[in-house]
Amino acid sequence: MTDEKATIDAIAKAARAADTVTVLTGSGLSAASGVPTFRDPDNGLWADYRPEDIATPEAFERAPDTVWQWYRARRRQLEEVEPNAGHHALAKLARALPDLRLVTQNVDGLHQRAGHPDVMAFHGDITTNQCHVEGRVVSVDDARDTPPRCPHCGGLVRPGVVWFGEALDSDLVERAVAAAGAADVFLAVGTSAEVHPAALLADLAREGGARVAEINPDATALSERTDWVVRASAAEALPRLLERALAGTE
Ligand code: OAD
């Protein structure tokens, strides 16, 4: 048996025995779907822009049309891609295990499209819109060059994502912290684990007694604090993990 196979077997065995498995995903999971990650120097989402020119409340207030059009272009790109085998495997694993909790930093909606039953979307969901003034989620036609007005208060409507410098939804943070604390196994998939507080979840899980696994082709800030490391693409490793986890339940 190769090391990688043995590691996946060990994670699958621990996941089967766990009361709670908590999974944190980042943009690396969607890489195989053709969605660029954040920090890849060649292919990163921000190759042509500085984040502070687009993904901040100040940028939206300064140039609402530019920001709106950038997100509209991203939404159109996302309509061209599909969830990959990794998203599908996680959704199946969530149905097979008694308690799998998913926290994602991704705003691309691919977990939801793969049929994942319950997604804690920490940084929001790019497919939604919200009022920039009151934060209320609104349903609007986004096929326009300027942001629409909120039907309730007349404020500008913006994408339902968390921008740099903005607070995360406190209910979600509470649920995610609880999920990390409850975990027997914590799986970090496709994230550089550089952005807090998502990055802290693994440490919280470990302090709560969880064993921590990382699935990532490259080393990350987390790698040294894990029990298992699988150096592979999530789209390859997660289906194998699912297969091993299911094999043990037969
Ligand atoms: P990053 O771009 O920081 O990290 C992506 C990670 O995915 C890296 O560690 C890669 O090695 C890994 N990776 C690349 N290809 C992979 C593959 N095929 N399978 C598995 N892993 C792969 O993206 P995130 O960690 O998601 O926040 O970034 C977190 C947050 O930083 C984002 O949500 C965003 C950004 O600031 C906000 O927008 C608020």
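Both ligands and their constituent atoms are indexed starting at 1 by order of listing. Quick note: residue numbers are just sequence positions, from 1.
- The 12-atom threshold is not exceeded at CD of Glu224, counting heavy atoms of other residues, nucleotides or ligands nearer than 6.0 Å.
- Under 4.0 Å is where a charged nitrogen must lie from a carboxylate oxygen, and between Arg240 and Glu243 no such pair does.
- Side-chain contact, Ser27 with Gln105: no donor N or O sits under 3.5 Å from an acceptor N or O.
- With contacts defined as side-chain heavy-atom distances shorter than 4.5 Å, the pair Pro57/His132 qualifies.
- Which of Asn216, Asp218, Val161, Leu24 comes nearest to atom 8 (C) of ligand 1 through a heavy atom is settled by distance: it is Asn216.
- Residue contacts with ligand 1, taken as heavy atom pairs separated by less than 4.0 Å, do not involve Trp163 at all.
- Contacts with ligand 1 closer than 4.0 Å are made by side-chain heavy atoms of Val195 only, the backbone lying farther away.
- The N/O atoms of Ala232, backbone and side chain alike, include none that comes under 3.5 Å of an N/O atom in ligand 1.
- Of the polar atoms of Ala235, none of the N or O atoms is found under 3.5 Å from an N or O of ligand 1, judged by distance alone.
- Atoms of ligand 1 lying under 4.0 Å from any heavy atom of Gln105, numbered from 1 in the order shown and given with element: 29 (C), 30 (C), 33 (O).
- Contact between Pro217 and ligand 1 is present, with at least one heavy atom of the residue lying under 4.0 Å from the ligand.
- Ligand 1 lies within reach of His123, whose nearest heavy atom is under 4.0 Å from it.
- Of the possible polar contacts, none joining the Arg158 side chain to the Pro147 backbone as a donor-acceptor pair under 3.5 Å is found.
- Judged by distance alone, with hydrogens and angles left aside, the side-chain atoms of Arg244 form no donor-acceptor pair with the main-chain N or O of Lys13 at under 3.5 Å.
- Side-chain atoms of Thr104 and His116 include no donor-acceptor pair closer than 3.5 Å.
- Atoms of ligand 1 lying under 4.0 Å from any heavy atom of Gly26, numbered from 1 in the order shown and given with element: 26 (O).
- Among Asn106, Thr191, Thr25, Val189, the residue whose heavy atom sits closest to atom 25 (O) of ligand 1 is Thr191.
- Counting heavy atoms closer than 4.0 Å to ligand 1, residue Val162 contributes backbone atoms (N, CA, C, O) but none from C-beta onward.
- Less than 4.0 angstrom separates some heavy atom of Phe164 from each of these atoms of ligand 1: 36 (O).
- Inspection of the Thr20 and Asp184 side chains reveals no N or O donor paired with an N or O acceptor under 3.5 Å.
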